[in-house]
Amino acid sequence: MASVALLQSSIQPFSPALSPAASPPLALSEQDPTASDIFSISDQQLSDKLEFIKEIGFGNWGSVWACRPKVGDVSETRYKVAVKLVHRSKTPTTAARVRSLWNEMKIVRTFKHESHPSIIPFHSFIITPSYALITMDYLPRLMPVEVRESKATLWFESLVSGVAFLHARGVVHNDIKPANILLSETETPVLVDFGFAEKYDSSAQSAFQSSLAYGTPEYLSPERARGHLHDTRKSDVWSLGITFFEILTGRTPFEKEEGEEFSTKEALEDYWARTVSGVWIGEWNMTPAMEHFLRRMISPDAKCRITAAEALRDSVFHPSHTRTRPIVSLVSLAEIMTKFIGTRYGDNFVRSFVGKERYLAISSSFRQITNQARTWILFIYVICQSQTCGASAAKGYVGLAA
Ligand SMILES: Nc1ncnc2c1ncn2[C@@H]1O[C@H](COP(=O)(O)OP(=O)(O)OP(=O)(O)O)[C@@H](O)[C@H]1O
Ligand SMILES: [Mg+2]
């Protein structure tokens, strides 16, 4: 589903530093005369520079093309670049599109000299009388879904690290979803489409605070969908959690049926109520550690939701130094012991060791002890977890012990 603004009333207009009519690249070049990645050229020069091979995507803000540079040495002309392009006709809609592209360029350009493998590398911004365009690395594959957990976990770590990298530099993406994640030649997941991204001065008191409701409905955190004043970083974490769930299972956790549409206010309200309840719909197949991790990301209460930096430290990425896993293993052990004693094989096994008389005496107290142990272990586990966040920990615990 395409990105939309959910609540019109809460949307504030973009306020770019410059209007496209004022020829933004020239103005930027004046501010930064050394800029070697921003060009104002004629349409003819553009067609001499780039061969447009085919359209590979389109969205609200323009179209994306696979292109080949026509100039440069042979090795340069062999590779492809991706070009995000908007037309510059003088209508209010296209003006807004150019402003959005300009905003996107300013943000991705920030990372030109300090890159991250999971953030799209920016090449240049070009403006001609007819077009405005961003050129960037060409990434051949869309993020697949229903991916094996062991493989997906490596991708998740890279993406969480990319989002933590953005947040640490004052940038929020605001539209994280599988359609905005592509795979590089080396199978590294890369976040693209910074059309809704924002950059904050991290030291300002209002940094990261917003009441905007832009985004894609299935991936919008409950507080952002409502247009409440919220921390946009936490909203990114929610979207990333929903995205991870979809990469693993092929669907989002709160959708009732495949391709559910949110064309009416009622449908959106209904969907929003589901996200607030935090109850995942249908079936999912993932390890308890992964489920616990996703529940920490998809916590309906933003205060209980982990940050991207915390997500990066989650035991799902560091299975050898996990804090929760030994307790989980004890829980499982207690459970196995309890169940084992209750089976005929288990009973016979114990009886053959201790004899019938002693077996009858100990079996009931044994079951009682293991049941008590299990209860205590779970109780301590929930208490430990609830120090950071009660509700989501309790849900995580249900997932672990079920
Ligand atoms: N660097 C790239 N390499 C290859 N394909 C790309 C690249 N960037 C974008 N695309 C393709 O183009 C599509 C649209 O790009 P992008 O998401 O940036 O545009 P958009 O207009 O903001 O779209 P939407 O409104 O649907 O989010 C992507 O989903 C992807 O399929
Ligand atoms: Mg997109």
Side-chain angles (χ1 to χ4, degrees), residues 2-3 20 23-26 28-29 32 35-89 93-113 115-144 162 173 175 177-197:
S3 328
S23 192
L26 286 182
L28 187 82
S29 301
D32 177 8
S36 58
D37 51 5
I38 297 181
F39 307 97
S40 179
I41 56 178
S42 67
D43 291 336
Q44 183 57 47
Q45 283 170 316
L46 176 65
S47 85
D48 293 343
K49 230 172 150 39
L50 284 177
E51 178 193 345
F52 285 73
I53 306 169
K54 72 167 181 169
E55 194 180 48
I56 46 177
F58 56 88
N60 290 336
W61 303 101
S63 55
V64 179
W65 287 74
C67 293
R68 195 172 287 122
K70 285 185 183 168
V71 284
D73 61 29
V74 181
S75 60
E76 224 176 50
T77 56
R78 265 205 216 117
Y79 79 90
K80 284 189 208 152
V81 291
V83 170
K84 192 164 181 178
L85 166 135
V86 299
H87 289 268
R88 289 186 75 204
S89 53
T93 335
T94 41
R97 285 176 185 169
V98 176
R99 281 202 296 276
S100 167
L101 197 71
W102 177 243
N103 176 56
E104 181 167 358
M105 180 281 289
K106 279 199 298 181
I107 288 177
V108 285
R109 189 172 183 256
T110 320
F111 307 117
K112 202 164 174 180
H113 301 294
S115 59
H116 186 284
S118 278
I119 304 300
I120 183 72
F122 162 80
H123 296 183
S124 64
F125 184 81
I126 302 175
I127 196 148
T128 75
S130 308
Y131 305 104
L133 46 108
I134 291 179
T135 68
M136 57 193 148
D137 270 14
Y138 172 78
L139 302 164
R141 281 176 62 201
L142 258 181
M143 172 54 84
H173 186 279
D175 198 18
K177 56 181 175 178
N180 286 337
I181 301 172
L182 303 172
L183 285 181
S184 72
E185 296 280 1
T186 57
E187 292 229 321
T188 303
V190 182
L191 202 50
V192 299
D193 192 0
F194 283 71
F196 286 163

I need the minimum non-hydrogen distance between Met136 and Pro121, along with the two atoms involved. CB-O, 3.3 Å
Judged by atom type as modelled, is there a donor-acceptor pair below 3.5 Å linking the side chain of Asp175 to the main-chain atoms of Asn180? no
Could you measure the distance from the CG atom of Leu85 to the OG1 atom of Thr128? Nearest 0.5 Å is fine. 8.0 Å
Residues in salt bridge (Lys or Arg N to Asp or Glu O under 4.0 Å) contact with Glu187, at least two apart in sequence or another chain: Arg141, Lys151
Of all the heavy-atom pairs spanning Leu183 and Pro144, show the shortest one and how long it is. CD1-CD, 3.7 Å
Side-chain donor-acceptor contact under 3.5 Å, His123 with Asp137: yes
Report the distance from atom CG of Asp48 to atom CD1 of Ile41, rounding to the nearest 0.5 Å. 8.5 Å
Quick one: closest heavy-atom pair of Tyr138 and Ala66, and the distance? CE1-CB, 3.8 Å
Could you measure the distance from the CD1 atom of Ile120 to the CG atom of Leu139? Nearest 0.5 Å is fine. 4.0 Å
Kindly compute the distance separating SG (Cys67) from CD (Glu55), expressed to the nearest 0.5 Å. 10.5 Å
As a quick check of understanding, evaluate side-chain contact (heavy atoms from CB on, under 4.5 Å) for Leu46 and Leu133, giving each step before the final call. CA-CA 10 Å; Leu46 176 65; Leu133 46 108; 3.7 Å; yes
Taking every non-hydrogen atom, the tightest pair across Pro117 and Val190: O-CG2, 3.6 Å
Check whether the side chains of Thr188 and Thr186 place a donor and an acceptor atom closer than 3.5 Å, and report yes or no. yes
Just how far is it from atom CG of Leu101 to atom NZ of Lys106, taken to the nearest 0.5 Å? 12.0 Å
Under the side-chain contact (heavy atoms from CB on, under 4.5 Å) criterion, do Ile127 and Arg88 qualify, and how do the steps go? CA-CA 9 Å; Ile127 196 148; Arg88 289 186 75 204; 3.4 Å; yes
Minimum heavy-atom distance between Ser124 and Phe39, given as atom pair plus value: CB-CE1, 3.8 Å
May I ask you to test the Phe122-Asp37 pair for a side-chain heavy-atom distance under 4.5 Å? yes
Under 4.0 Å between a Lys/Arg side-chain N and an Asp/Glu carboxylate O for Lys84 and Asp193? yes
Compute the centroid of each ring, for His173 and then for Phe194, and state whether the two points are separated by less than 6.0 Å. yes
Is the shortest side-chain heavy-atom distance between Ile38 and Arg109 below 4.5 Å? yes
Quick one: pull up OG in Ser63 and NE2 in His87 and give me the separation to the nearest 0.5 Å. 6.0 Å
Output all residues satisfying side-chain hydrogen bond (donor to acceptor under 3.5 Å, both in side chains) with Ser47, sequence neighbours left out; order by chain, then residue number. none
One thing to verify: whether Glu51 and Arg68 come together as a salt bridge, which I'm taking to mean a side-chain N less than 4.0 angstrom from a carboxylate O. yes
Just jot down the side-chain hydrogen bond (donor to acceptor under 3.5 Å, both in side chains) partners of Ser42, sequence neighbours excluded, or say none. Gln45
If you compare all heavy atoms of Pro129 against all heavy atoms of Asp43, which two are closest, and at what distance to 0.1 Å? CD-OD1, 3.6 Å
